[in-house]
Protein chains: 2
Amino acid sequence: MAKIKDNKTDQTLCPVARAETVVGDRWTVLVLRELFARSHRFEEIQAQTGGTPQMITARLKKLEADGLVTRRIYNKHPLRHEYHLTEKGEAFFPVLMALRAWGEAWCKSPKEGRAMTYTHVVCGKPAGLGPVCESCGEPVRRADMVGERLPKYQKERDARWEAFKATR
Amino acid sequence: MAKIKDNKTDQTLCPVARAETVVGDRWTVLVLRELFARSHRFEEIQAQTGGTPQMITARLKKLEADGLVTRRIYNKHPLRHEYHLTEKGEAFFPVLMALRAWGEAWCKSPKEGRAMTYTHVVCGKPAGLGPVCESCGEPVRRADMVGERLPKYQKERDARWEAFKATR
DNA sequence: CTTGTTACTATGAATTTCATAGCAATATGG
DNA sequence: CCATATTGCTATGAAATTCATAGTAACAAG
C-alpha cells in the first residue's frame with residue numbers, strides 16, 4: 001500500500017517544485033536555451049534541439065501559456081511567428097547560467113573545452129562560469145554579457161543545421 | 001519529412017544539454033531538493049516529493065550512476081541505506097538556488113510568502129534570493145548558508161509526512 | 001505549373017508513468 | 001511465540017507520453 005494522495009505540487013509553497021512544473025523538462029530547457037541563443041524561429045529551434053515537431057510545438061505552447069514566451073508575427077500570408085522571451089522568460093537566465101556552469105564543470109571532460117565564452121561588457125573581460133564576473137567580481141546580468149561560441153561548438157551547430165536542412 | 005538524425009545530446013559540446021541528460025527531469029530535481037534538505041532516507045524522499053516508489057528508486061539509481069549520490073549503509077540486517085550527495089551533487093546547489101529564486105519571484109503570488117529563509121553565517125544576516133548575499137554582497141556558498149523553513153512551509157511538510165504515514 | 005519554404009499536424013508503435021498491491025526481513029509488544 | 005508494525009522496496013497492468021516517420025497547408029519563386 002505504497003500510495004500518495006493529493007500530489008498537487010503546484011499547490012506547495014516550495015518554489016523549486018513550482019518552478020519544476022514549468023521548466024522541469026529536458027525539451028523545455030533546451031527550447032529556452034535556443035531562445036536565449038537568439039533562435040527565434042520554429043525551424044531553428046527544432047534543428048538545434050533535435051526535437052520532433054510535436055515536442056517543440058508542445059513546449060512552445062506551454063511556455064506561452066506559462067508566460068515565458070510570446071509569439072510575434074513576422075509575416076502574414078502565410079501567417080508566421082517568431083518566438084521571444086518575456087520578462088519572466090528572461091528572468092530564467094541565472095538558472096540557465098548556473099546549469100551551464102555545472103554542466104561545464106561536472107558533465108564534460110576537461111579536454112573537450114568550453115562551448116561558449118562570455119565577456120562582461122561592464123569591465124570588458126571574461127566573465128567565467130560563476131554568478132559574479134571572474135574578472136571584476138560584479139554580479140553578472142544578462143544585459144551585461146556578450147557570448148561567443150567557440151569554433152568547435154559553432155561548427156557543431158552549423159553541422160546540425162545542414163543535417164536538418166538536408167532531410168527536407 | 002520532418003526528421004532529425006543522430007539526436008545524441010550527450011555528445012554535444014553544449015553544457016546545458018549535457019546537464020539536462022542528468023537532471024532534466026522533475027522527479028530528479030525534487031529528489032535533489034530533498035537531499036539538500038537533509039532528507040536522506042527513501043521514505044522521507046518519497047513522502048516529500050510525492051513520487052511513487054518506482055519513480056524514487058529509478059531517480060536514486062540514476063543519480064548514483066551519474067555520480068551525484070552515494071548510498072551509505074546505516075543498518076545491516078535488514079540492509080538499509082541512506083542517500084547522500086557527492087561533491088558533484090553538492091555542486092548542483094547554485095542551480096537549485098537559482099531555480100528557487102526564479103520560482104519565488106515568478107511562480108508564486110506575493111501573498112503566499114516564502115517557503116524558506118536563508119541566513120548567511122559569514123555576516124549573520126539574511127542572504128535573500130540572489131547568488132550574492134543581499135546583506136553583505138559576498139557570493140553565497142552552500143556551507144555558509146543556514147536555511148530555516150517558515151512555519152507555513154514546515155506545517156505543509158509535516159502534513160505530507162502524516163498523510164504518507166497514514167496510508168501504510 | 002512545378003518546385004521550394006516554413007510550420008506545423010497525423011499516425012501508430014514503443015516507452016514511460018502512475019496508481020495500486022504486495023513482499024521480505026526484521027523489530028517490537030504482549 | 002506470535003501478531004503487528006516498520007522500512008524499502010518490487011510487481012502489475014492501464015493510461016499517458018514520446019518517438020520516428022509521413023504528410024499537409026499556404027503561399028513564393030522561377
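Quick note: numbers below take in every heavy atom, side chains included, and nothing from hydrogens, waters or symmetry partners. Here the structure is a predicted model, which means the values were calculated and not measured. Convention: sequence-line order gives letters A, B, ...; per-chain numbering from 1.
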Pair B/E148, B/T119: side-chain N/O donor-acceptor within cut-off below 3.5 Å:
no

Does one side chain, of A/E34 or A/S39, offer a donor that lies under 3.5 Å from an acceptor on the other?
yes

Starting at atom [atom1] of [X], determine the distance to atom [atom2] of [N], rounded to an integer number of angstrom.
{"X": "A/R41", "N": "C/dA7", "atom1": "CZ", "atom2": "P", "result": "6 Å"}
{"X": "A/H81", "N": "C/dC8", "atom1": "NE2", "atom2": "P", "result": "8 Å"}
{"X": "A/M55", "N": "C/dT15", "atom1": "CE", "atom2": "P", "result": "15 Å"}
{"X": "A/N75", "N": "C/dC8", "atom1": "CG", "atom2": "P", "result": "13 Å"}
{"X": "B/E43", "N": "D/dT6", "atom1": "CD", "atom2": "C1'", "result": "7 Å"}
{"X": "A/L79", "N": "C/dC8", "atom1": "CG", "atom2": "P", "result": "9 Å"}
{"X": "B/R26", "N": "D/dT18", "atom1": "CZ", "atom2": "P", "result": "13 Å"}
{"X": "B/L60", "N": "D/dT7", "atom1": "CG", "atom2": "P", "result": "17 Å"}

The side chain of [X] is closest to which nucleotide in this list: [options]?
{"X": "B/T57", "options": "D/dC9, D/dG8, C/dA19", "result": "D/dC9"}
{"X": "B/P53", "options": "D/dT18, D/dC9, D/dC19", "result": "D/dC9"}
{"X": "B/K61", "options": "D/dA20, D/dT10, C/dT9", "result": "D/dT10"}

From B/E44 CD over to B/R38 CZ, what is the distance, rounded to the nearest 0.5 angstrom?
12.5 Å

Nearest 0.5 Å please: distance from the CZ atom of A/R157 over to the CG atom of B/L13.
11.5 Å

Are any of [X]'s side-chain N or O atoms less than 4.0 Å away from OP1 or OP2 of [N]?
{"X": "A/W27", "N": "D/dT17", "value": "no"}
{"X": "B/Y83", "N": "D/dC9", "value": "yes"}
{"X": "B/K165", "N": "D/dT7", "value": "yes"}
{"X": "B/Y74", "N": "D/dG8", "value": "yes"}

Mutual orientation of the aromatic rings belonging to B/F93 and B/F36 [parallel < 30°, tilted 30-60°, perpendicular > 60°]
tilted

For the side chain of A/E44 and the base of C/dT6, is some donor closer than 3.5 Å to an acceptor across the two?
no

Whether the side chain of B/Q54 and the base of D/dT12 hold a donor-acceptor pair under 3.5 Å is what I'd like checked.
yes

Let me spell it out: for each of A/R59 and A/R80, pick the nucleotide of DNA chain D with the closest heavy atom. Which residue's pick is nearer the 5' end?
A/R59

